[in-house]
Amino acid sequence: MNILGICNANNSGAALIVDGKVIAAASEERFIRIKQTRDFPENAINYVLKAGNLTLDEVNYIGCGAWAGIDSKETLPSLIREFSTKVKQGDWVADRAFDRFNATIKFDGEAKTALISGAEKFGISRARIHFCDHHRSHALTAFYPSEFEEAIVLVADGRGDFRAVSIWEASRTDGLKCLHTVSEMNSLGAMYGYITKLLGFIPDRHEGKVTGLSARGEPSEVFELLSNAIRFNKENGEIETVYGDVYLPYMGANLNFLEDMAKTTSKENFAYAAQAVLEKVLSEYLSFYLEKFYKGKAVNLCLSGGCAANVKLNFELSKLSQVKSLYVSPEMGDGGNALGGAINCLDNFTSLQWVEMQTVYLGPEFSDDQIVDSLAKASISSKKLVGNSKLEFVADELANGKIIGWFQGRMEYGPRALGARSILASPSVSTINNTLNQRLNRTEFMPFAPVTTDKLASQAFVSWDKSDQAPRFMTTCYECTDLFRNKCPATVHVDNTARPQVISEVHNPEYFNVIELFYQKTGIPSLINTSFNHHEEPIVCSPDDAIRSFLKGNIDILVIGDFIVTSTE
């Protein structure tokens, strides 16, 4: 059974599932080098079909994880309920609610039309495409690739098919059942995106900067204002908002009152307020429904949607008393809606209950001949090292303070660099953060992420459990041990947390062994791992992309396959 997933939401892409296994997945941005493009994912589709050695005619089903419209059973009741509340609050509030509704109809309609038009030009008829509710798509990507037999799934984002938050019961035998929906009229993601814009960043892209800043802030009047404007009502189990000077359900809202406050209030305190309200409301929401449906029983938790890119939120949710284990979709944002559309077809048209996706090394890989051709085209010389010689060289250079571009095997799927298209460096000196930021033209407010091995993680992180799934994909935080804080200061945030990737040898042997060799040489149990890209560019995909980054001076050494590049000559 061959299933193709496509989508053109905030980050276009394609995915291919064959007999329940994810064979390939990639975002269109990586091929055309335009970050978070919404273009029809022609290049991504061509790639995944090639990876599966398939033609379009050999695809049984094609799914899209968005543009399904209002679900009459799950979303419509919440829309009616929340519309009724807004209408009772007066004409101005009602008008803002209708503005939101009409804007969604217009934008989503245009996006769906663009997808269908692009598909037909590509050779895919409208009749072949099965559209899936946006939040259901996210929920599917959160549960089916996990290792859980049963779980609760929480989806939270800016908006998608008129939802902003939803909670689901998931099991291998019974599939997904929606327990509650919050419509886009009361969106936490919109609040967080608005604060991102207010602080001078790009919403739907730079929310991670707000998360980093938040640890440097403290409670202020902004926190009180936001807490009153968007809150969880424990009496009726609803997330409620007050439209006005502090909140409207748009990332691009014009809230003059808050804009004036931003002139006299620190960015750190604004960020703190957004992060604290996000954590508070979603923690209360999730706790309410866990208690309502499970009466104190511990459950597995799966997370997806744009808000699940927030590692601090994920960490706080994982600490709730009823949560025993956590899995976060590795492609939690709209880039995952192609995969969600494919899983929806799998769920609807087959009897398979699992999706095999042990790693996210699902993108393109390149042969030695292709690498040599790219190096020759750029007039760059290299030397070839294989096996342990290559790994020893890399570990030695990292120990000597070099910054290395690590380009190996198949590209990662999702927003995180996970050891296929990574920049690696020693975390032993905190000033490396400034050095890297300057070289990459980035502005970051949290340290770079560490990568360590499952053999070393217990030295690094408090309450580390080898069965934890989320750290494989760098989707949560941990509190750091004293040893880790002393040995790896460049990766520890001011709140004593880090957002690690923890790698096992079976999933990426070379990457694993570089870290182990570095540890043997230095006694330092991790490396810095950050995405291999220049600021505001997608993560590198091809050898040409990696070479361009090297020539910009982003790294000292390029390790591309078995070829080592140390100079531009």
Side-chain angles (χ1 to χ4, degrees), residues 7-13 26-39 41 44 66 103 107 111 134 138 155-160 164 184 187-214 249-254 262 267 270-271 274-275 278 303-314 328-338 412-418 421 423 436-437 440-446 448-449 473-475 499 530-541 545 549 554:
C7 197
N8 65 332
N10 287 346
N11 192 1
S12 295
S27 294
E28 185 71 4
E29 66 168 16
R30 304 293 175 88
F31 301 96
I32 67 172
R33 313 307 301 158
I34 300 173
K35 194 170 179 66
Q36 291 186 332
T37 182
R38 293 175 176 174
D39 287 357
F107 179 88
H134 187 107
H138 280 314
V155 177
D157 58 10
R159 64 173 193 87
E184 64 178 9
S187 171
L188 282 156
M191 177 275 294
Y192 208 94
Y194 169 77
I195 297 298
T196 301
K197 184 199 74 165
L198 182 65
L199 298 183
F201 308 125
I202 301 173
D204 263 338
R205 185 178 299 185
H206 291 160
E207 278 78 0
K209 297 179 187 293
V210 178
T211 307
L213 266 179
S214 68
Y250 301 91
M251 290 185 178
N254 294 311
K267 287 188 175 183
F270 259 96
Q275 183 70 26
L278 180 73
L303 301 174
S304 192
C307 292
N310 189 311
V311 292
K312 180 63 165 48
L313 168 68
N314 300 347
V328 183
S329 172
E331 178 46 299
M332 67 294 289
D334 285 2
N337 287 120
E412 306 92 336
Y413 175 53
R416 310 283 197 244
L418 298 171
R421 305 291 187 270
I423 291 176
L436 274 170
N437 279 329
L440 299 172
N441 194 30
R442 295 180 184 172
T443 305
E444 303 294 337
F445 301 100
M446 65 169 63
F448 290 102
F473 307 114
M474 202 189 292
T475 53
R499 50 191 174 111
T530 189
S531 56
F532 194 170
N533 66 298
H534 203 65
H535 187 53
E536 293 304 305
E537 291 182 2
I539 293 174
V540 300
C541 175
D545 301 333
S549 185
N554 292 338

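For clarity, every value in this text was computed on a predicted model and none was experimentally measured.
- Of the possible donor and acceptor atoms, none in the side chain of D157 sits under 3.5 Å from a partner among the backbone N and O of G189.
- Remark: N337 pairs with S137 by the side-chain hydrogen bond (donor to acceptor under 3.5 Å, both in side chains) rule, at least two apart or across chains.
- Residues passing the ring pair (Phe, Tyr, Trp, His ring centres under 6.0 Å) test with Y250, sequence neighbours excluded: none.
- The side-chain hydrogen bond (donor to acceptor under 3.5 Å, both in side chains) search around R442 returns T530, S531, N533, not counting sequence neighbours.
- From I539, atom CD1 reaches atom NZ of K35 across 7.0 Å, with rounding to the nearest 0.5 Å.
- No side-chain heavy atom of F270 sits less than 4.5 Å from a side-chain heavy atom of V210.
- For A44, the side-chain contact (heavy atoms from CB on, under 4.5 Å) criterion is met by A14, E28, F31, P41, not counting sequence neighbours.
- Note on residues 191-211: pairs passing salt bridge (Lys or Arg N to Asp or Glu O under 4.0 Å), not counting sequence neighbours, are R205-E536, K209-E444.
- A 4.5 Å side-chain heavy-atom check between R421 and R30 finds every atom pair outside the cut-off.
- Within the 4.5 Å cutoff, side-chain heavy atoms of F532 are placed close to those of S549.
- Every side-chain contact (heavy atoms from CB on, under 4.5 Å) that M474 has, sequence neighbours left out, goes to R416, L418, A449, Q501, N529.
- By the side-chain contact (heavy atoms from CB on, under 4.5 Å) test, S27 is found to be paired with N11, E29, E331, residues two or more places apart in sequence or in another chain being considered.
- N314 is linked by a side-chain hydrogen bond (donor to acceptor under 3.5 Å, both in side chains) to nothing, counting only residues two or more places apart in sequence or in another chain.
- Using bins of under 30°, 30° to 60° and over 60° for the plane-to-plane angle, the ring pair F201/H206 lands in the perpendicular bin.
- For the atom pair CD1 (I195) and CG (L213), the distance works out to 12.0 Å, reported to the nearest 0.5 Å.
- Considering every non-hydrogen atom in both A271 and S214, the closest pair reads O-CB, 3.5 Å.
- In this structure Q275 satisfies the side-chain hydrogen bond (donor to acceptor under 3.5 Å, both in side chains) test together with Y192, E279, N310, sequence neighbours excluded.
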